[in-house]
Amino acid sequence: MADTDSPRITGKDQLVAFHASGARAPQDWRIGTEHEKFGFRLDDLRPPSYEGEQGIGALLKGLTRFGWQPVEEGGNIIALLRDDASITLEPAGQFELSGAQLENIHQTCKETNQHLAEVKAVGDELGIGFLGMGFQPKWARSDMPWMPKGRYKIMREYMPKVGTLGLDMMTRTCTVQTNLDFENEADMVKKFRVSLALQPVATALFADSPFTEGKPNGYLSYRSHIWTDTDPDRTGMLDFVFEDGFGFERYVDYLLDVPMYFAYRDKKYIDCAGRSFRDFLNGKLAPLPGELPTLADWSDHMTTAFPEVRLKKYLEMRGADGGPWRRLCALPAFWVGLLYDTEALDAAWDLVKDFSMAERNQLRDGVPKQGLKLPFRNSSMRELAIEALKISALGLKNRRRLNRHGDDEALFLHPLMEIALANETPAERKLALYHGVWNGDIDQIFKQFAY
């Protein structure tokens with residue numbers, strides 16, 4: 001949240017330096033994992049509202065027993081902080097852990113398990129369960145509650161002006177993502193290109209959103225499809241990342257052209273939806289005439305761009321549906337294996353460097369419906385996924401980060417390799433259950449796949 005104590009921005013060079021300042025030596029690289037999940041009331045499966053004894057607010061308050069410190073907005077607890085981790089709320093109460101900066105995937109998985117255990121302990125007392133999937137399988141958009149956060153009111157009013165599925169993105173999707181470091185600008189560029197080109201592989205392996213309002217929706221990752229009709233100004237594959245000369249400055253130019261949502265002043269969100277951050281840089285933002293933005297304003301603005309990979313002071317991998325705890329550990333493992341070992345990163349670049357722009361977008365656009373079975377060149381997405389997983393396993397073995405049993409981090413890839421070898425996404429497995437033993441009863445998903 002921006003405040004006026006943050007340094008004023010007087011030129012674009014400050015913004016370029018802001019992103020460049022994220023560079024770290026390889027021994028200081030860390031892993032941050034974020035994952036969202038749907039809450040549901042155990043008695044009627046409905047998403048809990050914020051208010052009431054069985055509400056999201058009560059859940060947040062209950063978690064303070066584990067040492068989480070509350071963050072309030074307008075008298076409501078809207079987030080929790082502990083060490084350098086946080087718990088935040090998505091617009092309809094999807095519950096998100098933004099994990100600490102950790103050194104290895106063993107620690108990441110321990111953190112995930114601890115979080116889910118804490119949430120379950122409080123949730124059981126309140127009659128609230130949690131489900132990890134990419135899209136809310138049962139309830140309509142009109143059934144979803146809205147959390148009392150000022151930025152969401154502004155986004156809620158703006159979204160229908162720029163796409164038809166933005167409100168679904170806000171209220172009915174969940175993701176798991178991982179945030180990873182770079183050494184310098186050249187390293188950032190290489191990692192950005194590899195992870196953008198391979199993001200559809202993660203989308204396919206994690207595809208787990210085949211239902212809308214209790215019925216199959218024709219997609220394997222409907223969550224991924226939703227991004228194609230949310231807001232074209234702030235989503236997509238960022239083709240310019242592959243152009244000669246790409247670096248921090250080119251990404252800053254992209255962000256400057258992403259329309260604003262808001263500015264934060266005096267503990268209030270000011271509606272700037274659709275306005276230009278370039279105007280803000282020149283003191284010409286109509287809602288704040290004469291004011292120059294701060295670095296905190298820029299930090300806020302960065303979070304309102306939603307490409308498949310996003311650059312802050314680190315790179316965010318954003319292509320995967322939410323899922324069960326084993327896949328919550330598998331996503332960071334997949335990307336750490338590809339990006340945090342020199343041999344693996346070189347192999348991953350060799351795998352994708354001759355992809356054309358049309359091919360990259362073909363993969364992105366085709367995966368939501370076809371998943372691993374999407375044809376690609378002379379084979380399919382499945383073969384590309386298996387090759388990427390082999391490279392990731394190599395990278396994780398090379399890292400030699402062992403648990404107390406002597407296992408390296410490659411063990412966390414097992415559920416993904418099993419999915420790829422079987423050529424069956426999580427979504428297809430749920431569809432088989434729906435058409436088989438569930439006999440079309442979507443309620444079974446809450447009973448069999450809750451955390």
J.: Does E316 reach the side chain of V309, with side-chain heavy atoms less than 4.5 Å apart?
T.: no

J.: So if I apply the salt bridge (Lys or Arg N to Asp or Glu O under 4.0 Å) rule between D208 and each of R429, R327, R223, which one comes out positive?
T.: R327

J.: Mind checking whether W438 and F211 have parallel, tilted or perpendicular rings, split at 30° and 60°?
T.: tilted

J.: Kindly indicate, with the supporting measurements, whether the criterion salt bridge (charged side-chain N to carboxylate O under 4.0 Å, His left out) is fulfilled by E183 and R24.
T.: CA-CA 5 Å; E183 185 175 10; R24 291 180 172 184; over 6 Å; no

J.: With a 4.5 Å limit on heavy-atom distance, are the side chains of Y50 and P145 in contact?
T.: no

J.: Any side-chain donor paired with an acceptor under 3.5 Å for D239 and N361?
T.: yes

J.: Using distance alone, with no hydrogens and no angle criterion, decide if Y261 and R234 have a side-chain donor and acceptor under 3.5 Å apart.
T.: yes

J.: Looking at F334, is its backbone amide N or carbonyl O close enough to the side chain of S392 to form a donor-acceptor pair, meaning the two atoms are under 3.5 Å apart?
T.: yes

J.: Under 3.5 Å, is there a donor-acceptor pair between the side chain of T304 and the main chain of D300?
T.: no

J.: Side-chain contact test, heavy atoms from C-beta onward, threshold under 4.5 Å: evaluate it for L374 versus L363 and give yes or no.
T.: yes

J.: In the structure I gave you, are the side-chain heavy atoms of S195 and L338 within less than 4.5 Å of one another anywhere?
T.: no

J.: Would you confirm whether E428, through its side chain, and T425, through its main-chain N or O, come within 3.5 Å as a donor-acceptor pair?
T.: yes

J.: Students often mix this up, so state it plainly: with edges at 30° and 60°, are the rings of Y251 and H19 parallel, tilted or perpendicular?
T.: perpendicular

J.: Strictly distance-based, threshold 3.5 Å: is any side-chain N or O of H35 a donor or acceptor partner for the main-chain N or O of G99?
T.: no

J.: Would you call D354-R377 a salt bridge at under 4.0 Å N-O?
T.: yes

J.: Ignoring hydrogens and angles, tell me if any N or O in the side chain of R41 forms a donor-acceptor pair with the backbone of Q54 under 3.5 Å.
T.: no

J.: For residues F130 and Y451, establish whether the separation of their ring centroids is below 6.0 Å.
T.: no

J.: I'd like to know if the side chain of R310 and the backbone of A305 have a donor-acceptor N/O pair within less than 3.5 Å.
T.: yes

J.: Return yes if some donor-acceptor pair links the side-chain N/O of K373 with the main-chain N/O of N423 below 3.5 Å, else return no.
T.: yes

J.: Using distance alone, with no hydrogens and no angle criterion, decide if K430 and H435 have a side-chain donor and acceptor under 3.5 Å apart.
T.: no

J.: Between S380 and E383, does any side-chain donor sit less than 3.5 Å from a side-chain acceptor?
T.: yes

J.: Answer with yes or no whether the side chains of E103 and Q107 bring together a donor and an acceptor at under 3.5 Å.
T.: no

J.: Donor-acceptor pair, distance only, cut-off 3.5 Å: does the side chain of S209 make one with the backbone of Y222?
T.: yes

J.: Within the 4.5 Å heavy-atom criterion, are L331 and F206 side-chain neighbours or not?
T.: yes

J.: Among F248, Y314, F192, which residue meets the ring pair (Phe, Tyr, Trp, His ring centres under 6.0 Å) test with F182?
T.: F248

J.: With ring-ring contact (aromatic ring centres under 6.0 Å, His included) as the test, would you mind laying out the steps for W227 and F306 before giving the verdict?
T.: CA-CA 8 Å; W227 284 113; F306 309 122; 5.2 Å; yes

J.: Apply salt bridge (charged side-chain N to carboxylate O under 4.0 Å, His left out) to the pair D181 and K191, showing each step before the final yes or no.
T.: CA-CA 9 Å; D181 291 314; K191 287 173 174 173; over 6 Å; no

J.: Taking R318 for the side chain and P307 for the main chain, is one N or O donor matched with an acceptor at less than 3.5 Å?
T.: yes

J.: Check R399, H106, R401 against E409 for a side-chain hydrogen bond (donor to acceptor under 3.5 Å, both in side chains) and give me the one that passes.
T.: R399

J.: Please evaluate residues Y152 and W146 with respect to the criterion ring-ring contact (aromatic ring centres under 6.0 Å, His included), reporting the C-alpha separation (whole Å), side-chain torsions for both, the decisive distance (0.1 Å), and the verdict.
T.: CA-CA 8 Å; Y152 293 154; W146 285 87; 7.3 Å; no

J.: Applying ring-ring contact (aromatic ring centres under 6.0 Å, His included), run through Y254 and F240 and close with a yes or a no.
T.: CA-CA 9 Å; Y254 156 73; F240 64 84; 5.3 Å; yes

J.: Any heavy-atom pair between the side chains of T171 and R156 that's under 4.5 Å?
T.: no

J.: Taking atom NZ of K138 and atom CD of Q136, what is their separation to the nearest 0.5 Å?
T.: 9.0 Å

J.: When rounded to the nearest 0.5 angstrom, what is the spacing between CH2 in W68 and CD1 in I77?
T.: 13.5 Å

J.: Would you kindly say whether E73 and N76 are connected by a side-chain donor-acceptor distance under 3.5 Å?
T.: no

